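Report on the structure given below.
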Amino acid sequence: AGDDGADGATGAQGIQGVAGDDGADGSDGAQGIQGPQGLEQPTISRTIYGWGAMPINTGNNTVSIGRDSLNLATAINDSVAVGAYALNKIATGAHYNVAVGQDSLRYITSTNNTYNTACGYRSGGGSANNSQSSSYFGSYAGYGSKGIGCNAFGNYALRCNTNSGNYNNAFGNTALRWMNQSSSTGNNAFGNGALFNCSKDSNVSSYNTAIGGSAGYDITSGDNCLLLGYNAGTSSSPSGSITAGNNRICLGDSNMQCY
């Protein structure tokens, strides 16, 4: 037989077949592990630190830091006591007080004693302090005060013996140092020792303004006096020492005149 003939040429590619149907969906994966539950928002906010600090209070938004601070509080809200015995004897219902310093506002004992701020050793302290809407800054500032709307800035400023009137303001160390009469009101002292003896020994003295170191230092019972300048109204001024009298204006020191 003769030899095999040469291979024939490759034929053209055939038409592609129709695609098959999609396969079935796979099974769902296993459920993930549940995360931890969030913390519940507290309904009562109280911060307490110190032996005997706020042991029985049921109020809200209060801070008591220091031995026996807020010790007698039972239903006090929105108040802060920082320092041993701060707000120690506060009465039920006496809200919105801030006391920073040992013995500060220690004897707030009436439900009307609200909106007071005291900062400094024994500031706003003293027996039966009945202050309302008052501010005291400095050691013994406002100590013994029982006034409404009083302000004292400086060590021993408005440091009353047992009492004080309303709306008295003392700015400077020992300003209005001896205020001691509940009927004395509306006095303003600016400067160290200004109106130092005003209303001392239960004298009534109201509506006096003294601006300057030791201005009006000697006044005990005068009303409606204006004393401007260092030592105005004292023995060092032309007026000499003014201890009483009403409606006087004194400009001092020794180069000024008293009218």
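Because the structure is a prediction, the values reported are computed rather than measured. Just so you know, these numbers use all the heavy atoms, side chains as well, and skip hydrogens, waters and symmetry mates.
- The CE atom of Met54 sits 11.0 Å away from the CG atom of Leu87 when rounded to the nearest 0.5 Å.
- Atom SG of Cys160 sits about 7.0 Å away from atom CG of Asn180, to the nearest 0.5 Å.
- For the residue pair Ser205/Ser199, the side-chain donor-acceptor check at 3.5 Å is not satisfied.
- Under the rule for a side-chain hydrogen bond (donor to acceptor under 3.5 Å, both in side chains), the partners of Asn187 that lie at least two apart in sequence or sit in another chain are Asn168, Asn208.
- Judged by distance alone, the side chains of Tyr136 and Ser131 do bring a donor and an acceptor atom under 3.5 Å apart.
- Residue pairs that meet the salt bridge (charged side-chain N to carboxylate O under 4.0 Å, His left out) test with at least one member in residues 64-78, sequence neighbours left out, do not exist here.
- Annotation: the span from Leu70 atom CG to Thr74 atom OG1 amounts to 10.5 Å, rounded to 0.5 Å.
- A side-chain donor-acceptor contact under 3.5 Å links Asn97 to the backbone of Asn113.
- For the 3.5 Å distance criterion, the side chains of Thr185 and Ser206 fail to qualify, holding no donor opposite an acceptor.
- Inter-residue side-chain proximity for Ser214 and Asn192 is flagged as unmet; no heavy-atom pair is nearer than 4.5 Å.
- The stretch residues 200-226 participates, sequence neighbours left out, in these ring pair (Phe, Tyr, Trp, His ring centres under 6.0 Å) pairs: Phe196-Tyr217.
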Apply the test side chain to side chain donor-acceptor pair (under 3.5 Å) to residues Asn151 and Asn169: give CA-CA distance (whole Å), side-chain angles for both, the deciding distance (0.1 Å), then the verdict. CA-CA 5 Å; Asn151 297 285; Asn169 300 291; 2.8 Å; yes

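- Taking the side chain to side chain contact (heavy atoms under 4.5 Å, CB included) definition, one finds that Phe190 meets it with Phe171, Asn188, Ile211, sequence neighbours left out.
- With sequence neighbours excluded, no residue satisfies ring-ring contact (aromatic ring centres under 6.0 Å, His included) with Tyr49.
- Note that the CG atom of Leu251 and the OG atom of Ser237 stand 10.0 Å from one another [nearest 0.5 Å].
- Scored by the ring-ring contact (aromatic ring centres under 6.0 Å, His included) test, Tyr85 finds no partners at all (sequence neighbours excluded).
- Judged by distance alone, the side chains of Thr234 and Ser241 never bring a donor and an acceptor atom under 3.5 Å apart.
- Without hydrogens or angle criteria, His95 side chain to Ile76 main chain gives no donor-acceptor distance under 3.5 Å.
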